[in-house]
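Chain A is the first sequence line, chain B the second, and so forth, proteins listed ahead of strands; every chain is numbered from 1. Being a predicted model, the structure only gives us computed values, none of them experimental.
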Amino acid sequence: MAESPITARSQDFATWYQDVVLQGDMAEPAEIVKGCMVIKANGYAVWELLQRKLDDRFKATGHQNMYFPLLIPQSFLQKEAEHVEGFSPELAVVTVAGGKQLEEPYVIRPTSETIIGHFFAKWIKSWRDLPLLLNQWANIVRWELRTRMFLRTTEFLWQEGHTAHATHEEAQAEVLRMLDVYADVAENVMAMPVIKGLKTQAERFAGALRTYSIEAMMQNGFALQSGTSHDLGQNFGKAFDVQFQNKEGQLDYVWQTSWGVSTRLIGGLIMSHSDDKGLVLPPKLAPTKAVLVPIFRKDEEKEKVLEAAHRIAKEVGAKVDDREAQSPGAKFFHWERRGVPVVLELGPRDLASGNIVLKRRDTGTKDPVPQAELAARLPAVLAEMQQSMYDTAKQRLKANTVLANSIEEVESLLKDVTAEKGGGKFVMAHVKDAAESDLRMKEFKATVRCIPLVDEYDGPGKCIVTGETVDRRVVVAKAY
RNA sequence: CGGGGAGUGGCUCAGCCUGGUAGAGCACCUGGUUCGGGACCAGGGGGUCGGAGGUUCAAAUCCUCUCUCCCCGACCA
C-alpha cells in the first residue's frame, strides 16, 4: 500500500485525522456501504487491547457477559415514549426476510435496552434475583447522516452494560461506579484525561432519568463524549413490566442502569496523542511495543547483525523487521506512522560498541543503550512514555480551559472554532440547564458538554443566559 | 433535501476548453547495484476513460439523460 504524506494538523485538522487513520493502518472507509468503515489490522488490535482492559474491569465489578439478538421487534422500541422518539430517525428496519414481507418488522439494534428489558421481565421475580449485572459486546447500527471514521459511523462496535437493582440508591451507585471505570481506562490506559459530569436534559439518553459522561478534549479543542452511564430510573422497568417482590412481599419495578463505550474511543485516542508524522499510541494500547530494524551492508555484516537482532529482540519482546526489500529508512517511516512506541536500531556500529539505539515515538529522541541493559530499560521507557503522554494531554486540557462570565464572551471564544481550523476551548461558565440556554448557544454551535461532578472553580453564580443562580460552572464547547 | 466537488490501470491524478480511439507518479513483476531517516538504474505486466443515448468520418474530450461517491449545511448519546 502506498504511504502518502500526512496533512499537518495546523493546515487542516480534519484532513490530518483522516490521513492518520488511513496511514496508521487503523481503518478505511467501506465506500460500498454508506457510512461504514473497515477496521484494519492495527485498529482492530488496539480495539482488542482496549476490550481486554475494559472487560477485566467489568468482571472485577461483578458483571457477566451475555449476548442478545441483533434484531429487535419494532414494537419494543415503541414501549418507551422518549426512547422511540429519540431513536426512530436513525433506525434501519428489516421488513423482508426469507423472501416474505414480515408481519412485524425488526429493527437492527441501535442499543439494547428494550430487548434486554423484555428478558429482565422474564428473569426477575424476587429481590433475590437482584442485582442483575450484565454486559454485552456487540455491533450497533444507527443511520447517521454525517459520518467520520471511528467518531461516528453507521455501524460501530461497543459494549453496553445493563443492570437491574432493587433500589434507586443502588442503581445510582452503579451508574457512578461504571463512570469511574470508564474514567480509569481513559486516563490510565488511554492516557486521555477526561472530565466526569452530568449531561443536560437536552443531551441525556432518550428514556433515561439522568446521563453521566466522560468528556475528553481533542487536539483541536473539540470535546469528545467518550463514554456514558445512564440512570434509567424505573422507565424501562415500567415499559417492560419488570417487577419483583421485595423483602416486604410487595411488588415493585426494578431500577435500571445502562452504560457504554464504543470504537469511538479509538478516534479519541488518535486525536489525543498523534502528531504530524502519524499515529502515536500509548504503550499500554500498542499492539507492537517495539520493533527492531537491523542495518547492514555487506553479507558478513548481515549475518552478524541479524543474529544479534533476533537474539536481542527475543530477549526484550520486540519484533524484528527483517524484510529484505525495504531500506532501513523506509522501515523507520513505516513503523513511525503506525504508532509503534519504540523503534530499535541495530547495525555494525552498535555491534562494535555493544550498544543499541532506542528511539521513542512520542518525543522522537534517540539514545544509545547498552545491549545488556535493554531488557531492563525498555519497560521503564514504556512506562515513562505512558505517563508523559498523559501529562502532555492533561497540560493541553488545562491550557485550553478558560473561564467566561458572559454569553458574549463565550460566543466570541467559540464562534469561529471549526473541526478543521481548531482553536477550540472548554469554556467554564455558569449556565442553567434550560432550553433557553441551549437555544442561545446553538447560535454559535456550542453545547454544554457536562456539569462537572467536581467543581474545581468558584461555586455558585448567575446563569449567563437566564440570570438564575446555578451551583457551579459547566463545560461549554464545540463537540464531535 | 439545499449548496459545492468528483467519477480515467491497484492508488493519487493529468488529458477535456481548442475531438484524431490514453499518459504520469506511486504500487506491482524481473535483474543488478544499494541499505545508520522514504534508494537507484534497466527491462516489464496492467486501463479503453461510472452507465445509457446522441452529434461526428472519428468521442475520455461536445450534447442529453442517468447512477454513484465525497465535502459543507440541516440531523445526531
Side-chain angles (χ1 to χ4, degrees), chain A residues 1-6 12 14-15 18-19 22-23 28-36 82-83 85-91 110-111 113 140 142-149 151-154 156 158 160 182 198-208 210-215 223-230 232 258-262 264 277-278 293-299 301-302 305 321-337 343-353 355-357 359 364 366 368 418-420 442 445 447 449-450 479-480:
Chain A
M1 148 133 193
E3 302 203 334
S4 310
I6 292 168
D12 182 338
T15 306
Q18 298 261 358
D19 289 347
L22 249 26
Q23 297 302 319
E28 69 177 53
E31 289 183 335
I32 47 163
V33 187
K34 186 175 160 52
C36 292
E82 282 191 7
H83 197 65
E85 196 185 324
F87 282 104
S88 285
E90 44 186 277
L91 291 179
T111 180
E113 275 75 9
I140 290 295
R142 294 182 189 175
W143 215 259
E144 305 283 2
L145 294 173
R146 177 98 193 272
T147 56
R148 304 172 206 249
M149 285 188 286
L151 301 176
R152 179 173 287 109
T153 47
T154 301
F156 57 95
W158 80 347
E160 45 182 325
Y182 289 158
L198 179 66
K199 295 303 262 188
T200 59
Q201 286 300 301
E203 298 269 325
R204 79 183 201 291
F205 177 72
R210 283 193 202 84
T211 290
Y212 295 85
S213 75
I214 51 171
E215 300 284 330
L224 184 73
Q225 177 174 302
S226 305
T228 48
S229 188
H230 315 293
L232 302 177
S258 70
W259 28 274
V261 295
S262 71
R264 170 179 256 206
K277 291 174 176 170
V293 175
I295 298 155
F296 47 78
R297 298 178 203 211
K298 304 163 200 144
D299 278 350
E301 282 178 355
K302 175 177 169 182
V305 168
D321 184 354
D322 55 5
R323 289 174 298 164
E324 299 263 347
Q326 308 274 341
S327 67
K331 291 176 183 176
F332 296 145
F333 277 86
H334 180 85
W335 296 112
E336 183 166 75
R337 60 181 48 208
V343 171
L344 301 163
E345 306 179 20
L346 186 75
R349 224 185 272 164
D350 306 294
L351 289 190
S353 68
N355 287 335
I356 185 163
V357 176
K359 178 162 186 190
K366 263 189 190 183
T418 65
E420 295 75 35
K442 200 173 179 176
K445 292 175 181 162
T447 47
R449 298 317 305 157
C450 72
Y480 279 106

Now, which nucleotide makes the Watson-Crick or G-U wobble pair with [N], with each of the two distances under 3.5 Å?
N	result
B/C40	B/G32
B/A77	none
B/C13	B/G23
B/U48	none

Mind checking whether A/I214 and A/C450 have side chains closer than 4.5 Å, heavy atoms only? no
Do A/W158 and A/R264 make a side-chain contact, defined as non-hydrogen atoms from C-beta onward lying under 4.5 Å apart? no
Could you tell me how far apart [X] ([atom1]) and [N] ([atom2]) are, to the nearest whole angstrom?
X	N	atom1	atom2	answer
A/E420	B/C71	CD	C1'	9 Å
A/L145	B/C76	CG	P	9 Å
A/L224	B/A77	CG	C1'	12 Å
A/I356	B/G36	CD1	P	16 Å
A/E90	B/A74	CD	P	16 Å
A/E85	B/C75	CD	P	15 Å
A/I140	B/A77	CD1	P	15 Å
A/E144	B/G73	CD	P	15 Å

Nearest-Å distance once atom [atom1] is located in both [N] and [M]:
N	M	atom1	result
B/G45	B/C26	C1'	16 Å
B/C13	B/G54	C1'	29 Å
B/G43	B/A60	P	30 Å
B/G47	B/C11	P	14 Å
B/G51	B/U68	P	15 Å
B/U56	B/A14	C1'	26 Å
B/A24	B/G19	C1'	22 Å
B/A22	B/A6	P	25 Å

Nucleotide nearest [X] (side chain, heavy atoms from C-beta), chosen from [options]:
X	options	value
A/R349	B/G36, B/A77, B/G38	B/G36
A/W158	B/C76, B/G36, B/A77	B/A77
A/D350	B/G37, B/C75, B/G36	B/G36
A/R337	B/G38, B/C35, B/A77	B/G38

Strictly distance-based, threshold 3.5 Å: is any side-chain N or O of A/H230 a donor or acceptor partner for the main-chain N or O of A/T211? no
Give a yes or no on whether the backbone of A/K298 and the side-chain of A/E301 come within a donor-acceptor separation of less than 3.5 Å. yes
Applying a 4.0 Å non-hydrogen cut-off, can you work out what [X] is touching in the nucleic acid: base, sugar-phosphate, or nothing?
X	value
A/Y480	nothing
A/P29	nothing
A/V357	base
A/K442	sugar-phosphate
A/E215	nothing
A/R204	nothing

Once the angle between the rings of A/W259 and A/Y182 is folded into 0 to 90°, is it parallel (under 30°), tilted (30 to 60°) or perpendicular (over 60°)? perpendicular
With a 3.5 Å cut-off and just heavy-atom distances, do the side chain of [X] and the base of [N] make a donor-acceptor pair?
X	N	answer
A/R297	B/G36	no
A/K366	B/G37	yes
A/E336	B/G37	yes
A/R152	B/C76	yes

Just by distance, with hydrogens left out, do A/Q225 and A/S213 show a side-chain donor and acceptor under 3.5 Å apart? no
Verify salt bridge (Lys or Arg N to Asp or Glu O under 4.0 Å) between A/E324 and A/K302, making sure each step is shown before the conclusion. CA-CA 11 Å; A/E324 299 263 347; A/K302 175 177 169 182; 3.2 Å; yes
Let me spell it out: for each of A/R148 and A/K34, pick the nucleotide of RNA chain B with the closest heavy atom. Which residue's pick is nearer the 5' end? A/K34
Please compare A/G35 and A/E345 by the position of their nearest nucleotide in RNA chain B and report the one closer to 5'. A/E345
Going by ring centres under 5.5 Å and near-parallel planes (under 30°), is A/F205 stacked on B/A77? no
Could you walk me through whether A/E215 and A/K199 pass the salt bridge (Lys or Arg N to Asp or Glu O under 4.0 Å) test, one step at a time? CA-CA 10 Å; A/E215 300 284 330; A/K199 295 303 262 188; 2.7 Å; yes
Would you please confirm or rule out a distance under 4.0 Å between OP1 or OP2 of B/A39 and any side-chain N or O of A/S327? yes
